[in-house]
Student: 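Let me begin by handing over the structure; questions about it come next.
Naming convention: chains lettered A, B, ... in sequence-line order (proteins, then strands); numbering from 1 in each chain.
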Amino acid sequence: MSDATLQNVPSGKSIRGKLSRDDIIMRGSMIVIGLYLLITMAFPLYAMLSKSFSTYKFDLAAYEVQVSDETGTNFSQPVTFADLNETLNVVAETDLSAGSDGRLGVTQFFPDFSFRSPVNYRLRNTSDTGRFLVGSTLNDATDWVELDSNTFRRVQLRPVEARGLDNFRTYFRTPALSNSIKNSVIIATVSTVITVFLAFWFAFALNRSCMRFKGFFRLVAMAPILVPSLLPGIALVYLFGNQGMLKELLFGATIYGPIGIIIGSVFFTFPHAFLIISTALSISDARLYEASVVLRGSPWRTFWTVTIPGARYGLVSAAFVVFNLVITDFGLPKVIGGQFNVLAVDIYKQVIGQQNFEMGAVVSVVLILPAIVAFTIDRLVQSKQVALLSARSVPYSPSPNARLDWTLFGFSSLVAVFIVGILAVCQFAALVKFWPYDLSFSLNNYQFDRMDGGGWGSYYNSIKLALLTAVIGTSVIFFGAYLVEKSNGFRTGRTLFQMFAMLPMAIPGMVLGLSYIFFFNNPSNPFYFIYGTMAILVVSTVTHFYTVSHLTATTALQQMDREFESVSASLKQPTLKLFSRVTVPVSMPAILDISIYLFVNAMTTVSAVVFLYSPKTSLASIAVLNMDDAGDIAPAAAMGMMIFYTNAAARILHLIASRGILQRTQAWRKR
Amino acid sequence: MKTNVESSYLKIENLWKFFGKFLALENISLEVKEGEFICFLGPSGCGKTTLLRAIAGLDLQSSGTTLQGGKDVSNLPPSERDFGIVFQSYALFPNLSIEKNIAYGLENTGRSKDEIKARVAELLELVGLPEQGKKYPAQLSGGQQQRIALARAIATNPGLLLLDEPLSALDAKVRVHLRHEIKELQRKLGVTTVMVTHDQEEALAMADRIVVMNHGVIEQVGTPTEIYREPSSLFVADFIGEMNQITATAGAGNKVRFGSAVMESAPHQFNEGDKIIAAIRPNDIIPHGDSAHSLGKDDRVETESNAIDVEVGEMEFLGSFWRCRLRHELFGNEDLIADFSINAVRRLELSEGSTMLIELPPTRLMAFAGSE
């Protein structure tokens, strides 16, 4: 405030508005949903971050021990284990680092130890941070404990927790781990370049040419969204694996590794890139093309000066989305990565394989960084995209050009063959008896109950999860978006909420899942009870896919007249009446879009839930992973295709339902 | 007319509004009488909509009090105040039929279904759209939609009707027609009304009193004729209608000086030698003929000192009159703009390049403080 206005500041006290009942209800609800986001995202992430800085170390100087002579009396002078280790050197310095569950036996400090000897031992903690186990009894007092030899061998030291960067130091000093950063970045970069290239020309063909069968191509392009990311991995194993049909095409190279990951990544990220670029290409302004023709620009020059600049935000955005998807994907490299380590799989290996939760947390932190950078740049680019289309733009409609149209048709057909081929191979493999020796058909591979992975139960669990996620997620997310968009005042609260709502997109699923372990799998957490239930799967899935849904809802709400709430208040009607009678019906298309998005993703997701399912709540996508892991690749392919058909059916149902609901609730749209 | 009732229905005292550090309303005080039609007029960004929203409670003022019907409503939320509102965008609920839109505010008020139905029919009749109840808003024209919005706003008989640029989104012709209808309706209902507009013509045509605002302060409050004939500042003078502005100095006692010439002017408070802006409206400039070109028997110069010979520059034909740019060395490089009737132009045989005698009548020649 300038001095001039300061002098003029009004004498009366400033007004504090009285809150209406609606204001209170809306703020209250916003705080509830805000708390939900806090508990399901911010707190777990914090728990994970703090875990990555936790180190556990055996502090040998924290214990004193006395040894008796053969009579069991006459104890020696107290010495610490550190003193003993100095002379004996039985435990190397690096071995003193341990996980939270680390245990260190003590008999190794006594070369003459025999559990039959009559020698007695006395042991105590020198400070109250010291802890040791006798059998399974924890001793953390500083009093002397006297033990006979036979009991003494059951003594185990427990590590002391400290905070520091040691885990990160270890991580970067271990090439086996830190190489994954390079691997992940290479994989993601190469996949991004290829996918964006293919998706651009595919979108170009659909938007800017007069080729035939556009509807079919559009449908095919979206198919990969309906399957888990690991499904193309299975198809590639069948095609190029050790017993693959087309193995020779690789000229001795192996599909298990970067090649497989890249081909599979192109498959599952293609629809995402295609959608974004297609949108960018569809909104270009015909007047620019006319201008270019009038100025005698060659088609090539027009392409570089009009088409590409018009689509550049779409291209950049697509590139970052694909990069983010590939670098955070877990299912595909798990199936086909072989010995080629990437970050997302490292998290899994550290946590599930080695039970090294601290290192899992460290890898997670490393994985978050590129994801957040990609996410931030994408958001910045998207915010610039808005101004491109003005109300006066004239939509571009392509004119026939036989050579271009047929070239693009050929190209699009190749892409379509690739996509359909991958799915067909999976379906074929699922139906044959024993690849590649007995190619006769059977339904044996659908007897999931005879395989590892949870059987048909996991399939029904998936459907349950998908339905619950769609219903609960859509309600929570849409209502949350409504509160943010339409409540009065409370600006800090709304900004904070908006930030929380954007965060999940930057958090890779693996990281979210792992952080849930740290946060919820803790008996002192009041929400501990949801651990291992369907509830935690629903919660994690809703949170994982919160951002895109939130943005869809926000966009729909922003298109609504800002004054509805004002009018409603002036007519003294409760805001919730407006919400149910006007806002929800008018936003029905967006609400349906959100629910199908959540349904499909809940069916296919692997990354977050892989840490959170319990034997009772195994899921179809997890079953694919586990059956593949166990070598039951054909059943894995069969289950993967079940997910595909379910999602396809859901999409068709969604289409029919949308039509029906739209006809009833959107009659007003027609003039 | 009800406007003569000497009770103030709406009373605003020392209202301030800050948006962060930006001062949007500065110490606004205003009284609106019961049944009066008030227009807030000003350029965009002058704070008129902010003031309206503060009155409605949609965006509370930073400080100051609002009394409505003698009751302090300063800090009440909109739902606890008594007003109906119409927006530029109509804000009709698109998925509800016209009937349901109008009935929206009547529900949950203890009225029976039949009462509501009767009231809706009555309102549709009132706004002249009795047959349209079953349609949806998108099926009506803009003007029709705005009438429905009006019907919805007055359905519950609010004590105060707020109109936020209600006609801005409409075609010029519909606008003129509807502004007449709104004014009629307001007169019939006798509801105290505050309308925000940036269209001076609209304000002049509809308002009982106009509140001219600029940069968050009230420049002038008055009836349309007061505002037009006696603008209290150069801003008002320029914003309402058109105004020639000529740099000048004040002379002793109701005189203005252009270079060597001294003319009589409307009374002013300036001291001799003060830098001022002399102002006169284009249609206040009187054309005079010589013996050859007389405009009639009343054609004679009233104040000799205010008559000068000018050269006619560009002439624009604007349908009902001619707009002429007049040049004289007294006015420096600036042209004096005058609107002459077609009749006068013909009789005086004016054409570009000819000379003529004009008179600046003293009562219409105003003096305002020069800009610093």
Student: Heavy-atom distance under 4.5 Å to chain A: side chain of B:L92, backbone, both or neither?
Tutor: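 When you check distances to chain A, only backbone atoms of B:L92 fall under 4.5 Å.
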Student: Report yes or no: does B:N95 contribute a side-chain atom to a donor-acceptor pair with the main-chain N or O of A:R581 at less than 3.5 Å?
Tutor: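 Yes; judged by distance alone, with no hydrogens or angles, the pair exists.
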Student: Tell me if a side-chain donor or acceptor on A:Q573 pairs with a main-chain N or O of B:Y104 at a distance below 3.5 Å.
Tutor: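 Flag set: sc A:Q573 to bb B:Y104 pair under 3.5 Å.
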Student: Donor-acceptor pair, A:K572 side chain versus B:R81 backbone, under 3.5 Å?
Tutor: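 Such a contact is found between A:K572 side chain and B:R81 backbone.
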Student: Counting only non-hydrogen atoms closer than 4.5 Å, does B:E13 touch chain A with its backbone (N, CA, C, O), its side chain (CB onward), both, or neither?
Tutor: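 No part of B:E13 comes within 4.5 Å of chain A.
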Student: On a heavy-atom basis, which atom in A:K18 and which in B:P77 lie closest, and how many Å separate them?
Tutor: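 Heavy-atom minimum between the residues: O-CD, 3.3 Å.
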Student: So which part of B:L60 gets closer than 4.5 Å to some heavy atom of chain A, the side chain, the backbone, both or neither?
Tutor: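 Contact with chain A: side chain only.
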Student: Looking at every non-hydrogen atom in both residues, tell me the closest pair between A:S20 and B:E80 and how far apart they are.
Tutor: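 Taking A:S20 first and B:E80 second, the nearest heavy atoms are CA-OE2, 4.2 Å.
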Student: How long is the gap from OG on B:S79 to CD on A:E565, to the nearest 0.5 Å?
Tutor: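 It comes to 12.5 Å.
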Student: Non-hydrogen atoms of chain A under 4.5 Å away: do they reach the side chain of B:F93, the backbone, both or neither?
Tutor: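 Both backbone and side chain of B:F93 come within 4.5 Å of chain A.
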Student: Taking side chain as everything from C-beta outward and backbone as N, CA, C, O, which of these in B:R53 sits under 4.5 Å from a heavy atom of chain A? Side chain, backbone, both or neither.
Tutor: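 Contact with chain A is through the side chain of B:R53 alone.
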Student: Give, for atom CG of A:L19 and atom CG of B:N75, the distance between the pair rounded to the nearest 0.5 Å.
Tutor: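 Result: 10.0 Å between the selected atoms.
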Student: Can you tell me if B:H215 has over 12 outside heavy atoms packed within less than 6.0 Å of its NE2?
Tutor: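 No.
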Student: What's the spacing between B:L162 CG and A:S566 OG if we round to 0.5 Å?
Tutor: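 Result: 11.0 Å between the selected atoms.
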Student: Do A:K577 and B:N108 make a side-chain contact, defined as non-hydrogen atoms from C-beta onward lying under 4.5 Å apart?
Tutor: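 Result yes, sub-4.5 Å side-chain heavy-atom pair found.
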Student: How close do B:P94 and A:V582 get, counting heavy atoms only, and between which atoms?
Tutor: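 Closest pair (atom of B:P94, atom of A:V582, distance): CD-CG1, 4.4 Å.
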